[in-house]
Q: 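So that we are looking at the same thing, I have put the structure below in structure tokens.
Whatever order the structure lists them in is the order used to number ligands and atoms, beginning at 1.
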Amino acid sequence: MNIEKEHKYIPSYSRPDTFTDQAWIIALAENKVLMKRTETGYSIPAYQDFKGVLQDSGDLEFIGTYDGHDCYCKRIPEATVLPEHFEFVERREITALTKEPDLFLLAGNANHILHWYSMNQFCGRCGHKTYSKEDERAKVCPACGNIIYPRISPATITAIFKDEQILLAHNRKFKEGLYSLVAGFVEAGETLEECVEREIMEEIGIKVKNVRYFTSQPWAFPDSLMFAFTAEYESGEITVDGDEITDAGWYTADCLPDIPTRDSVAGKLIRWYRDKQ
Ligand SMILES: [Zn+2]
């Protein structure tokens, strides 16, 4: 099922022939994004807004287009002296500040690519310095020919239903009172469906059936790709692992606890369930 509208952000590695001052610059410091603050709200700054803060455009990574704007990214120190009206904002706050959910995806991909670059400056096989490959998004080692593609870590996240109820769980890392769906990374050699069943058994102690693909979403903290599923309860009693999950229960649509925002696929899936009841 596709619950997404067409995205404004279109990822691409293929750098345009010309660079203009109007190109958007996604400047990151850890999980923060540099935004321009105006009377009407927050926006991604263009290259021309930086006026000397960025020395040249050569070390900017092209990551695609947003609503027709060429987009480049770069990491900058949080201590950088910024032009007036510039502000670092948390990546998770972008949608709330701009009402543009696709900016979350844009900033996420900037983080994904820059994180991968920083982790692969040297060849893992021979230790030589790597360089960017010109015809695709990859790093290449000139000494041994090793080609390194961006790491993408698959994970599953599942909405489990029992009669008209949905299972929601509180993870130890969540803020107090927040409940979400059961998620976990795919192990080597495992199918996505096997991952769904294993994670639910490990964390919640129940067996599920009729596992169905729902949608997918990049989740660049730092490099996950979430595969969302629905499943039906089959058997067992809820027994949380106490390690990752500290509480879980069955909820009806009219009585949900705090749930994640629509930026996450969990937030979208839980609202899809709520709205169809
Ligand atoms: Zn090498």
Side-chain angles (χ1 to χ4, degrees), residues 7 9-20 23-34 44 47 50 53-66 69-80 88 91-92 104-157 173 183-195 198-199 216-227 265:
H7 288 136
Y9 173 48
I10 302 167
S12 170
Y13 68 86
S14 186
R15 198 180 176 105
D17 293 335
T18 53
F19 180 86
T20 74
W24 281 12
I25 307 298
I26 298 87
L28 300 183
E30 298 299 330
N31 272 321
K32 292 178 179 160
V33 186
L34 190 59
I44 299 285
Y47 187 72
F50 283 89
V53 176
L54 298 177
Q55 297 309 313
D56 67 77
S57 60
D59 61 346
L60 297 169
E61 286 301 326
F62 181 71
I63 53 165
T65 59
Y66 190 99
H69 299 272
D70 290 339
C71 297
Y72 296 79
C73 62
K74 181 183 172 65
R75 245 183 233 296
I76 63 172
E78 201 170 346
T80 302
F88 279 110
R91 204 144 46 94
R92 291 175 185 271
F104 178 76
L105 296 175
L106 172 68
N109 199 33
N111 185 63
H112 188 160
I113 295 301
L114 292 172
H115 175 77
W116 165 71
Y117 262 70
S118 72
M119 300 296 279
N120 291 279
Q121 298 174 69
F122 297 92
C123 176
R125 186 196 278 160
C126 77
H128 198 282
K129 185 170 169 44
T130 59
Y131 294 91
S132 293
K133 206 161 175 288
E134 288 190 357
D135 57 344
E136 58 184 344
R137 176 89 68 200
K139 303 276 277 182
V140 63
C141 172
C144 75
N146 185 21
I147 298 173
I148 308 147
Y149 293 98
R151 184 170 79 171
I152 298 172
S153 304
T156 65
I157 185 158
K173 293 182 202 149
F185 286 106
V186 180
E187 300 278 356
E190 191 174 54
T191 66
L192 295 172
E193 290 81 356
E194 286 166 346
C195 174
R198 176 183 54 76
E199 286 288 347
S216 65
Q217 182 188 25
W219 189 247
F221 292 93
D223 55 20
S224 294
L225 177 59
M226 305 300 295
F227 293 87
V265 73

Q: Output, by chain and residue number, all protein N/O/S atoms separated from the Zn ion (ligand 1) by less than 2.8 Å.
A: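 Less than 2.8 Å away from the Zn ion (ligand 1) sit C123 SG, C126 SG, C141 SG, C144 SG.
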Q: Quick check against the 3.5 Å criterion: does T130 have a side-chain atom that pairs as donor or acceptor with the backbone of Q121?
A: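 Flag set: sc T130 to bb Q121 pair under 3.5 Å.
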Q: Which residues pass the salt bridge (Lys or Arg N to Asp or Glu O under 4.0 Å) test with D17, sequence neighbours left out?
A: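 Listed in chain order: nothing, the list is empty.
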Q: Partners of E190 by side-chain contact (heavy atoms from CB on, under 4.5 Å), sequence neighbours excluded?
A: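 Per chain and number, E190 pairs via side-chain contact (heavy atoms from CB on, under 4.5 Å) with V186, E187, E194, C195, R198.
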Q: By side-chain contact (heavy atoms from CB on, under 4.5 Å), which residues pair with A220, not counting sequence neighbours?
A: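 By the side-chain contact (heavy atoms from CB on, under 4.5 Å) rule, A220 matches R91, H112.
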Q: Kindly state whether the ring of W219 and the ring of F104 have centres lying under 6.0 angstrom apart.
A: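 Centroid separation for W219 and F104: below 6.0 Å.
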Q: Determine whether a donor-acceptor pair (N or O, by modelled atom type, separation under 3.5 Å) exists between the side chain of R15 and the backbone of E61.
A: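 Judged by distance alone, no pair lies under 3.5 Å.
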